[in-house]
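All remarks here apply to the structure that follows.
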Amino acid sequence: MSTGVERLFDELGHFRRFQACLYFAAVFQATSCGIHYLASVFLVETPKFLCDAPGNVTNVQYGNHSASSLEDIWSVYKPGKGPVVVQTVDGEQWELSPCCRVLRHNPVDFHYEFDGNRTVEACSQYVFDHSQVEQSIVTEWDLVCDKEWLAKLSQPTFMLGVLIGALVFGDIADRVGRRPVLMATSLCQFAFGIIVAFTGNYYFFVAVRFLLAMVSSGYLVVVFVYVTEFTGSKVRTWTSMHVHAAFAVGIMVVALVGYLVRVWWMYQIILTLSTCPFLLYCWKFPETPFFLIAKGRHQEAQQLLDTIAQFNGLEPKLKVSELIEDSGKPLLTDGQIQEYKPEEPEKKLSILDMFGSWKMAGRSATCWSIWFIGSLGYYVFSLGSVNLGGNQYVNLFLAGAVELPSYLIGCFAMDRVGRRKTCAPALLLSGVACMLIIAVPQDIEFLAIILSMTGKFAIAIAFGLVYLYTCELYPTIIRSLAVGSGSMMCRVGSVVAPFCVYLADVWIYLPQLIVGILAFIIGILTMFLPETLGEPLTSTLEEAEALGTKFSKKQRREDGIALNLTDSKA
């Protein structure tokens with residue numbers, strides 16, 4: 001039987017009616033986080049475009065193809081394969097390219113080839129291919145050519161907001177509670193999501209998206225801690241991993257809505273509406289019992305325990321004082337519960353407390369490395385998959401769908417062989433897949449695709465379990481901060497990933513080589529982390545540091561024997 005606060009799950013159920021309702025309600029909102037993270041795929045999509053001709057076009061030529069309008073030539077036009085030649089109503093002939101246009105002087109006939117004199121002019125307006133994208137921020141604000149960097153800057157700026165939000169809200173959740181953060185971030189996510197759709201210029205758009213990223217990241221970080229502290233160890237693996245599954249569903253929703261709605265502001269509004277159902281019931285969410293007890297709010301904790309018991313059809317007989325006594329603290333009377341103020345939770349803890357000893361410093365560095373390589377590898381594999389071709393909406397849908405089996409397999413492995421023995425082999429497999437991709441000849445594309453999907457599948461397992469693993473490796477007083485700082489390192493990886501992909505210009509396999517080496521090294525380091533399978537959640541730094549030691553195992557056996565003796569005497 002579990003000891004300490006964890007004992008409440010043995011008494012009230014690890015995942016009964018109360019926890020199930022709370023869990024699915026909280027995880028539903030994680031889908032919205034996945035939606036906003038990937039929404040920019042179509043928000044900033046750049047369709048085919050050319051300089052606009054200074055007049056009405058009557059004839060068009062592109063290679064061997066002829067047409068009467070530019071709209072008829074988009075299906076065969078390929079950027080970089082030569083200009084599009086047009087003739088206007090006043091007889092002028094122009095060679096149109098994406099970022100410039102050329103006026104032909106004294107043409108005799110209208111032919112694609114021309115050997116006469118030309119004059120190059122800068123573009124003042126552009127014409128876009130609306131067959132796939134009716135309207136994006138690129139087409140609305142002409143973010144092409146010399147403004148192309150603005151479109152590319154929007155996603156790194158969003159990721160910067162995710163990075164800051166993960167750290168800030170993780171710390172706030174450890175200070176004021178999980179419930180206020182979940183409610184505030186959800187409300188702000190809805191508000192900012194709607195405001196994004198009505199931004200009138202690019203800079204306002206980027207600023208509001210930055211705030212949207214912060215609150216979305218804040219919710220996603222804290223919800224992992226929230227569901228972990230409301231579900232017992234018997235189901236904690238599944239509940240944690242399935243938050244990732246909800247995020248993957250959000251990716252698939254983006255693909256579906258992007259396919260159906262091709263106007264960016266309508267697309268943004270429809271995606272944001274996914275938060276509405278959550279706002280109707282999130283105010284009923286309770287604070288977690290772990291946080292209430294850690295902060296000395298024992299009367300509220302007792303009311304919560306009674307509510308859980310009644311909702312689960314059990315007799316409300318579990319007392320907070322019993323949980324405190326189980327944790328090795330003095331037994332308190334009912335009158336003392338409200339007055340009792342534990343000293344340690346009141347300390348002002350910071351990220352430095354994660355590095356308070358050599359053991360915790362090594363553990364934190366390894367955890368951060370797993371977060372970093374998980375994100376870096378995921379995005380390197382994802383960005384590389386664009387070269388597969390095909391329908392972009394189907395590709396994005398599959399990119400979300402391929403994550404689901406990895407989480408299922410990861411759940412089975414984590415509950416049977418442990419967290420460490422699942423994470424380390426997954427990282428090693430990803431590293432090996434990267435190395436094998438380098439060895440595959442370029443003409444065997446099918447094998448390269450299989451290895452790429454294997455690498456992504458493996459890295460998704462490691463990335464999926466690191467949330468739960470981090471929660472279990474750190475005590476209640478800094479658990480949200482640990483997950484938040486880890487998520488920060490994850491976002492650093494997502495920011496670095498595009499630059500890593502650019503290294504393919506130096507050597508086509510250099511990105512895979514970097515990811516493969518890092519994944520292999522970090523996989524080896526992961527073997528030195530303590531195993532947390534079957535371990536109760538810790539409440540203090542001393543308990544967390546003792547994880548995996550002989551003292552910890554001996555203490556658990558003694559606690560179990562003492563508890564059995566007490567039960568038999570009763």
Side-chain angles (χ1 to χ4, degrees), residues 28-47 49 128-144 147-148 150-162 164-165 184-220 246-280 282 382 391-397 399-400 491 494:
F28 175 84
Q29 177 64 2
T31 303
S32 296
C33 296
I35 286 173
H36 290 297
Y37 273 47
L38 272 294
S40 62
V41 172
F42 301 123
L43 284 174
V44 299
E45 186 176 0
T46 302
F49 69 96
F128 295 91
D129 174 17
H130 295 291
S131 61
Q132 295 295 324
V133 181
E134 186 173 342
Q135 186 184 70
S136 69
I137 68 167
V138 173
T139 64
E140 181 162 348
W141 298 318
D142 290 341
L143 302 181
V144 293
K147 294 183 179 180
E148 182 182 4
L150 292 174
K152 292 183 176 180
L153 184 64
S154 62
Q155 185 62 13
T157 304
F158 184 90
M159 285 301 178
L160 180 61
V162 170
I164 296 174
T185 54
S186 300
L187 182 61
C188 291
Q189 188 183 69
F190 177 78
F192 292 144
I194 295 296
I195 293 174
V196 165
F198 295 99
T199 51
N201 62 73
Y202 168 80
Y203 298 101
F204 189 28
F205 171 86
V206 170
V208 178
R209 284 265 299 167
F210 178 85
L211 298 175
L212 176 61
M214 285 188 62
V215 296
S216 297
S217 175
Y219 182 90
L220 197 60
F247 188 91
V249 170
I251 298 176
M252 293 186 281
V253 170
V254 169
L256 180 60
V257 176
Y259 175 77
L260 297 175
V261 182
R262 307 295 177 90
V263 178
W264 76 270
W265 60 270
M266 295 176 60
Y267 161 85
Q268 175 67 29
I269 291 176
I270 292 174
L271 291 179
T272 303
L273 292 177
S274 61
T275 305
C276 288
F278 183 79
L279 295 177
L280 298 177
C282 69
S382 298
N391 187 291
Q392 59 183 343
Y393 303 103
V394 173
N395 289 345
L396 182 61
F397 186 88
R491 300 313 153 198
S494 66

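No hydrogens, no waters, no symmetry mates; every other heavy atom, side chains included, goes into these values.
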Mind checking what makes side-chain contact (heavy atoms from CB on, under 4.5 Å) contact with F204, not counting sequence neighbours? I195, T199, N201, V208
Can you list everything that forms a side-chain contact (heavy atoms from CB on, under 4.5 Å) with S274? Sequence neighbours excluded, please. S32, I35
Rounded distance [0.5 Å steps], OG1 in T185 versus CG in L212: 11.0 Å
CD1 (I137) and CZ (F42) are apart, to the nearest 0.5 Å, by 14.0 Å
Donor-acceptor pair, T272 side chain versus Q268 backbone, under 3.5 Å? yes
V162 and S217: which non-hydrogen atoms are nearest, and at how many Å? O-OG, 2.8 Å
Residue list, side chain to side chain donor-acceptor pair (under 3.5 Å) with D142, at least two apart or on another chain: none
Apply side chain to side chain contact (heavy atoms under 4.5 Å, CB included) to the pair T46 and S136, showing each step before the final yes or no. CA-CA 8 Å; T46 302; S136 69; over 6 Å; no
Looking at residues at least two apart in the chain, or sitting in another chain, which of them share a side chain to side chain donor-acceptor pair (under 3.5 Å) with Q189? Q29, S216, T275
Establish, yes or no, whether a centroid distance under 6.0 Å links the rings of Y37 and F247. yes
Step by step, would you call W141 with F205 a side chain to side chain contact (heavy atoms under 4.5 Å, CB included)? CA-CA 11 Å; W141 298 318; F205 171 86; 3.9 Å; yes
What's the separation between atom SG in C276 and atom CZ in F190, rounded to the nearest 0.5 Å? 4.0 Å
Which heavy-atom pair separates E140 from W264 by the least distance, and what is that distance? OE1-NE1, 2.6 Å
Determine the minimum heavy-atom distance between I194 and I269, stating which atoms define it. CD1-CG2, 4.3 Å
Which residues satisfy the side chain to side chain donor-acceptor pair (under 3.5 Å) test with E134, sequence neighbours excluded? none
To the nearest 0.5 Å, atom CG of L43 lies from atom CH2 of W265 at 13.5 Å
For the atom pair OH (Y202) and CG (L143), what is the distance rounded to the nearest 0.5 Å? 7.0 Å
Check: Q135 main-chain N/O paired with T139 side-chain donor or acceptor under 3.5 Å: no
Given V144 and F128, is the side chain to side chain contact (heavy atoms under 4.5 Å, CB included) satisfied, shown in steps? CA-CA 11 Å; V144 293; F128 295 91; 4.0 Å; yes
Rounded distance [0.5 Å steps], OH in Y267 versus CG in L260: 11.5 Å
Closer than 3.5 angstrom, by distance alone: can the side chain of Y219 be matched with the main-chain N or O of C33 as a donor-acceptor pair? no
Tell me every residue that passes side chain to side chain donor-acceptor pair (under 3.5 Å) with S494, counting only those two or more places apart in sequence or in another chain. none
